[in-house]
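Comments concern the structure below.
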There are 2 protein chains.
Amino acid sequence: MPKQTFFNLNDDKKNKLVEAAREEFSRVSLYEASIANILKRAEIPRGSFYQYFRDKEDAFFYLLNEHAEERHKNFIENLKAFNGDLFQAMTEVYKTVFQFSRENGNSNFIRNVLMNMNYKIEHAFTKNLTKQNIEHRFHDIYQLVDMEALHVSNEKEFYHLMQILIAVTFHNLVHCVSNEFSETEALDKYISELSLLKKGLVK
Amino acid sequence: MPKQTFFNLNDDKKNKLVEAAREEFSRVSLYEASIANILKRAEIPRGSFYQYFRDKEDAFFYLLNEHAEERHKNFIENLKAFNGDLFQAMTEVYKTVFQFSRENGNSNFIRNVLMNMNYKIEHAFTKNLTKQNIEHRFHDIYQLVDMEALHVSNEKEFYHLMQILIAVTFHNLVHCVSNEFSETEALDKYISELSLLKKGLVK
DNA sequence: TACTATAAGTGACATAATGTCATATGTCAA
DNA sequence: TTGACATATGACATTATGTCACTTATAGTA
């Protein structure tokens, strides 16, 4: 989490800093990113950066969490719109994230995020920060999903189902973005795998 | 790939260097690893390192590929031993990798690999280097697997099935290692998810 | 208004990392 | 012995990171 001083910043300065960080993290991965470039773009001195953020990661995960928050809201909305159809809701999120990764303009942030996806990044994406939050959100989803359609009989089984779905969704995203699939190709692959998932892998 | 000079090294020097690298990559992740530490341990000058490897990654992926090669052989053996039962063979590999991640002695290499798993690392793990190799290996597996038991009707569907299985297997490994699960807990989780995968997610 | 405590801003600096290159050394065949 | 080639070496240029002593701003108080 950024330090309080960051949140105390006036909007202009804050936005300029956030944009500078986003540009740098769009250029390269978290590990290759250079704080010096962010400073240059944001026109702030080195000391100030450390006044606002603990380090490079802190700034990166701030941006990522902002994005993840949006995706979570989308997911909940989709779940409602599709009457609890988990797979349709997930497919919409998949599409959205994939489209973000295709923005060729100023921001390749999501593309870089996906191509360097690891446990910590996935975690930031799917859960949000606190243990409490995770359980709370999981429960929200559990309430909204149409369980009748699913092959699970309790919350624990549903947890496993979600783990599988998340694994396959991210794996697809990363694979398709890394291999520069078109949106149609990516969606085809994802839908094929979802369909196999639904019907089961064995006879 | 390491440079030819590396392979020309006499065994003593080569082993010392490889061990030095393994120790460093066991201490921290690829990105945090310091070449200086490898040099100190291997007692070679800086210039020599770059005579043998292109960079830090080069050394890291050399070690990883060695390991992945072993796992691939295991997998093929298991597939034969279990008469083409894909799930049993995969569960054995899962167990083995998990056990490697638990080695508390000199080497936490696999633990660090799993905890920093990303696309590139997964790729090194599952495929080996060349496109040709990937297709070749995939075909080998396709020949060995008992297709009768599976819910797929052609090689393309089998490809999707393997993608799912790989996604879920790695996701489990990373999750269980990151959260310090015991071997029993990890195996329980994996088996639960495999069972859900087999029977299908929807009714 | 002047004073003071607290927060925020600043950039030079210590430290450590990476990759390169000119130079030195070793090896082997003619 | 010589020359061509491969290998070895460590000083160096460059670029990072995170800290700290010091300055400046702000807001509450006498």
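Protein chains get the first letters and strands the later ones, always in sequence-line order, with residue 1 at the start of each.
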Seminar exercise, completed: For nucleotides 9-22 of chain C, 5' to 3', base contacts (B), sugar-phosphate-only contacts (S) and non-contacts (-) with protein non-hydrogen atoms under 4.0 Å give BBB-----SBBB--
Could you state the atom-to-atom distance from [atom1] of [X] to [atom2] of [N] in whole Å?
X       : N      : atom1 : atom2 : value
B:Tyr31 : D:dT17 : OH    : P     : 16 Å
A:Phe53 : D:dT19 : CZ    : C1'   : 18 Å
A:Phe7  : C:dA8  : CZ    : P     : 13 Å
A:Asn10 : D:dT26 : CG    : P     : 11 Å

Problem set entry | salt_bridge(B:Arg41, B:Glu24) N-O dist < 4.0 Å | no
Exercise. Taking 4.0 angstrom as the limit, do A:Lys16 and A:Glu19 come out as a salt bridge?
Worked result: no
For this session: Check the side chains of A:Glu135 and A:His139 for a donor-acceptor pair under 3.5 angstrom, ignoring hydrogens and angles.
Result: no
Exercise. Under 3.5 Å, is there a donor-acceptor pair linking the side chains of A:His171 and A:Glu193?
Worked result: no
For this session: Tell me, with the steps shown, if A:Lys95 and A:Glu92 meet salt bridge (charged side-chain N to carboxylate O under 4.0 Å, His left out).
Result: CA-CA 5 Å; A:Lys95 265 193 230 171; A:Glu92 285 306 309; 3.3 Å; yes
Exercise. Only one of B:Phe49, B:Tyr50, B:Phe53 clears ring-ring contact (aromatic ring centres under 6.0 Å, His included) with B:Phe6; which?
Worked result: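 Running ring-ring contact (aromatic ring centres under 6.0 Å, His included) over B:Phe49, B:Tyr50, B:Phe53 with B:Phe6 returns exactly one hit, B:Phe53.
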Exercise. Any side-chain N or O of B:Asn8 under 4.0 Å from OP1/OP2 of D:dA6?
Worked result: no
